[in-house]
Amino acid sequence: MGIIIKPLVTEKMSAITDKLNRFGFIVRPDANKLEIKREIEALYNVTVVSVNTARYSGKNKTRYTRAGIINGRTNAYKKAIVTLKEGDTIDFYSNI
């Protein structure tokens with residue numbers, strides 16, 4: 001296990017979740033769709049209909065501070081958008 005890093009909870013994902021019953025996750029870059037499907041079904045006890053994945057590359061960032069210019073880079077990651085069977089849902093806030 002350990003393929004899923006964290007759920008993706010943003011305004012855009014919340015809008016997609018309400019309309020299309022889709023949920024987003026940040027996953028390990030070497031994970032494939034079958035592994036993601038198996039882990040989601042095991043963790044949340046739901047039926048996954050489809051999995052879409054997208055890879056995002058890290059981007060260079062520059063900040064101008066009093067100490068000078070600071071150069072850095074954001075992390076690269078892989079995002080998985082999971083479509084669930086009608087009637088199934090995932091509650092990310094149940095154990096808060």
Side-chain angles (χ1 to χ4, degrees):
M1 296 257 162
I3 293 172
I4 297 174
I5 297 172
K6 64 181 181 178
L8 191 61
V9 182
T10 61
E11 289 183 35
K12 188 173 183 178
M13 278 309 307
S14 297
I16 292 172
T17 298
D18 293 340
K19 293 179 183 176
L20 303 173
N21 204 24
R22 291 177 148 194
F23 296 87
F25 296 92
I26 303 295
V27 297
R28 287 190 12 216
D30 58 342
N32 62 31
K33 292 181 181 185
L34 295 176
E35 292 171 339
I36 295 167
K37 179 180 177 180
R38 274 191 238 121
E39 185 156 341
I40 296 289
E41 289 177 343
L43 282 175
Y44 296 106
N45 297 322
V46 294
T47 304
V48 175
V49 176
S50 68
V51 178
N52 297 62
T53 59
R55 296 178 71 115
Y56 291 90
S57 61
K59 299 195 174 30
N60 294 323
K61 299 286 185 176
T62 303
R63 289 188 303 164
Y64 298 96
T65 64
R66 288 174 63 187
I69 297 173
I70 298 175
N71 293 317
R73 189 168 176 84
T74 61
N75 293 332
Y77 62 96
K78 186 173 188 177
K79 179 169 74 171
I81 298 177
V82 178
T83 305
L84 301 181
K85 186 179 80 170
E86 193 67 35
D88 285 350
T89 187
I90 297 174
D91 186 14
F92 294 128
Y93 304 108
S94 63
N95 53 357
I96 292 178

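Heavy atoms only: backbone and side chains are in, while hydrogens, waters and symmetry mates are out.
Every residue was checked against the side-chain contact (heavy atoms from CB on, under 4.5 Å) condition with Ser14, not counting sequence neighbours, and none meets it. Among residues two or more places apart in sequence or in another chain, the side-chain contact (heavy atoms from CB on, under 4.5 Å) test is passed with Asp88 by Val46, Thr47, Leu84, Lys85. Looking at residues two or more places apart in sequence or on another chain, you find no salt bridge (Lys or Arg N to Asp or Glu O under 4.0 Å) involving Asp18. With sequence neighbours left out, Ile26 forms a side-chain contact (heavy atoms from CB on, under 4.5 Å) with Ile5, Lys6, Leu8, Tyr77.
Within the 3.5 Å criterion, the main-chain N or O of Arg38 finds no donor-acceptor partner in the side chain of Glu41.
In the hydrophobic clustering of this structure, Leu20 does not group with Ile90; members are Ile, Leu, Val, Met, Phe, Trp, Tyr whose side-chain heavy atoms approach within less than 4.5 Å, directly or through other members. A chain of hydrophobic side-chain contacts below 4.5 Å, direct or via other Ile, Leu, Val, Met, Phe, Trp or Tyr residues, connects Val9 to Leu43.
Side-chain atoms of Ile36 and Phe25, non-hydrogen and from C-beta on, never get closer than 4.5 Å to each other. Residues Phe92 and Phe23 meet the side-chain proximity criterion, which asks for heavy atoms closer than 4.5 Å.
Residue pairs meeting the side chain to side chain donor-acceptor pair (under 3.5 Å) criterion with at least one member in residues 61-70, sequence neighbours excluded, are Thr62-Asn71.
Glu39 and Ile4 make their closest contact through OE2-N, 3.6 Å (heavy atoms, listed as atom of the first residue, atom of the second, distance). When all heavy atoms are compared, the tightest approach of Ile3 to Ala31 is CG2-CB, 3.3 Å.
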Going by atom type alone, with no hydrogens or angles, which donor-acceptor pairs under 3.5 Å involve a side-chain atom of residues 48-60 and a protein atom two or more places apart or on another chain?
from: Ser50; atom 1: OG; to: Thr83; atom 2: OG1; distance (Å): 3.3
from: Arg55; atom 1: NH1; to: Pro29; atom 2: O; distance (Å): 3.3
from: Tyr56; atom 1: OH; to: Lys79; atom 2: NZ; distance (Å): 3.2
from: Asn60; atom 1: OD1; to: Arg73; atom 2: NH1; distance (Å): 2.8

